[in-house]
Amino acid sequence: MNIKFSYLYRDSGNYKRFGDVIFSNPNNLTILDMENLIKSKLIDGEWFYAQDWGLPNLHFEDWDEDLDHGFHEFESLSYSEELENAPISLEYFIGRLMNLRQVV
């Protein structure tokens with residue numbers, strides 16, 4: 001089964017843009033293992049910078065530097081039969097996360 005990573009961007013006006021990335025999972029990694037790694041790298045247990053994680057940016061086009069922030073919000077992981085659409089492999093994604101410093 002593939003792994004679906006769901007996340008969102010919430011701007012200063014609380015407008016939301018949702019996104020999903022489907023990773024091929026040839027080594028049958030478990031959701032629990034992935035979730036533990038992801039949660040250990042989130043800022044304050046919720047947020048991350050999509051560009052640092054190699055994921056598509058969900059910011060709105062009308063970005064206001066004085067009001068909006070760069071964080072994306074982790075939503076969930078799930079198994080999926082949907083076709084892979086990730087810009088990077090699951091192994092590369094895991095490697096990027098493992099190389100990020102741990103945040104509190």
Side-chain angles (χ1 to χ4, degrees):
M1 285 283 231
N2 292 335
I3 293 181
K4 183 181 209 174
F5 180 99
S6 298
Y7 64 114
L8 65 114
Y9 176 72
R10 184 188 314 253
D11 73 5
S12 62
N14 203 30
Y15 290 97
K16 300 171 190 94
R17 179 176 281 168
F18 294 87
D20 298 311
V21 174
I22 314 293
F23 290 102
S24 176
N25 187 16
N27 297 322
N28 294 315
L29 297 174
T30 68
I31 294 292
L32 182 60
D33 289 339
M34 288 292 303
E35 221 166 49
N36 288 336
L37 174 61
I38 287 167
K39 287 182 177 180
S40 76
K41 301 300 181 172
L42 293 171
I43 301 164
D44 291 334
E46 284 187 77
W47 300 291
F48 65 97
Y49 291 104
Q51 66 274 11
D52 291 350
W53 288 28
L55 299 175
N57 185 329
L58 301 177
H59 296 146
F60 291 98
E61 292 76 28
D62 56 345
W63 176 269
D64 184 338
E65 275 188 39
D66 295 328
L67 299 174
D68 294 320
H69 57 81
F71 297 142
H72 286 71
E73 188 175 325
F74 171 67
E75 190 173 29
S76 66
L77 282 179
S78 60
Y79 292 114
S80 177
E81 292 185 6
E82 294 174 72
L83 295 177
E84 172 189 4
N85 68 359
I88 56 177
S89 71
L90 184 58
E91 291 74 20
Y92 185 77
F93 176 70
I94 290 169
R96 281 184 84 130
L97 292 186
M98 292 179 77
N99 288 323
L100 291 173
R101 68 179 181 83
Q102 191 163 352
V103 291
V104 180

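A pairwise comparison of heavy atoms in L58 and G19 identifies CD1-N, 3.6 Å as the closest pair. Contact detail for S24 and E84: the closest heavy-atom pair is CB-OE1, 3.4 Å. The minimum heavy-atom distance between S78 and I31, with the atom names listed, is C-CD1, 3.6 Å. Summarising the geometry of H59 relative to G70, their closest heavy-atom pair is NE2-O, 3.4 Å, with the distance given to 0.1 Å. Contact record, K39 with F74: CE-CE2, 4.4 Å, taken as the closest heavy-atom pair. Taking every heavy atom of both residues into account, G54 and P87 meet most closely at O-CG, 3.5 Å.
Annotation: ring pair (Phe, Tyr, Trp, His ring centres under 6.0 Å) contacts involving residues 14-43, sequence neighbours excluded, comprise F23-F93. Applying the side chain to side chain donor-acceptor pair (under 3.5 Å) rule to pairs touching residues 86-96 yields N27-E91, sequence neighbours excluded. For residues 48-62, every residue pair satisfying the salt bridge (charged side-chain N to carboxylate O under 4.0 Å, His left out) rule, not counting sequence neighbours, is listed here: R17-E61.
H69 meets the side-chain contact (heavy atoms from CB on, under 4.5 Å) test with Y9, F71; sequence neighbours excluded. Under the side-chain hydrogen bond (donor to acceptor under 3.5 Å, both in side chains) criterion, D11 pairs with no residue, sequence neighbours left out. Applying the side-chain contact (heavy atoms from CB on, under 4.5 Å) test to N14 and every residue at least two apart in sequence or in another chain returns R10, K16. When the salt bridge (Lys or Arg N to Asp or Glu O under 4.0 Å) test is applied to E82, the partners found at least two apart in sequence or on another chain are K4. Every side-chain hydrogen bond (donor to acceptor under 3.5 Å, both in side chains) that S6 has, sequence neighbours left out, goes to D20. Residues forming a side-chain hydrogen bond (donor to acceptor under 3.5 Å, both in side chains) with N85 (at least two apart in sequence, or on another chain): none. With sequence neighbours left out, the side-chain contact (heavy atoms from CB on, under 4.5 Å) criterion links T30 to L32, D33, Y79. Every residue meeting the side-chain hydrogen bond (donor to acceptor under 3.5 Å, both in side chains) condition with D68, not counting sequence neighbours, appears here in chain and number order: S12.
You'll find the side chain of I22 stays beyond 4.5 Å of the side chain of L83, heavy atoms only.
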(message) Using the rule given for side-chain contact (heavy atoms from CB on, under 4.5 Å), can you reason through L55 versus F48, listing the C-alpha separation, both sets of side-chain angles and the distance that settles it, and then say yes or no?
(response) CA-CA 10 Å; L55 299 175; F48 65 97; 3.9 Å; yes
(request) Please lay out, stage by stage, how Y7 and Y49 fare under the test ring-ring contact (aromatic ring centres under 6.0 Å, His included). (result) CA-CA 11 Å; Y7 64 114; Y49 291 104; over 10 Å; no
(message) N25 vs L90, test: side-chain contact (heavy atoms from CB on, under 4.5 Å). Steps then yes/no.
(response) CA-CA 7 Å; N25 187 16; L90 184 58; 3.7 Å; yes
(request) Start with the C-alpha distance between N2 and E81, add both sets of side-chain angles, then the distance that settles side-chain contact (heavy atoms from CB on, under 4.5 Å), and finish with yes or no. (result) CA-CA 6 Å; N2 292 335; E81 292 185 6; over 6 Å; no
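Considering CD1 of I3 and CD of E35, their distance stands at 10.0 Å, rounded to 0.5 Å. A distance of 4.5 Å separates CG in L8 from CD in E73, rounded to the nearest 0.5 Å. Here the CZ-CE distance, from F5 to M34, works out to 8.0 Å after rounding to the nearest 0.5 Å.
With K41 as the partner, the side chain to side chain contact (heavy atoms under 4.5 Å, CB included) test is satisfied by one option alone out of I38, I43, L37: L37.
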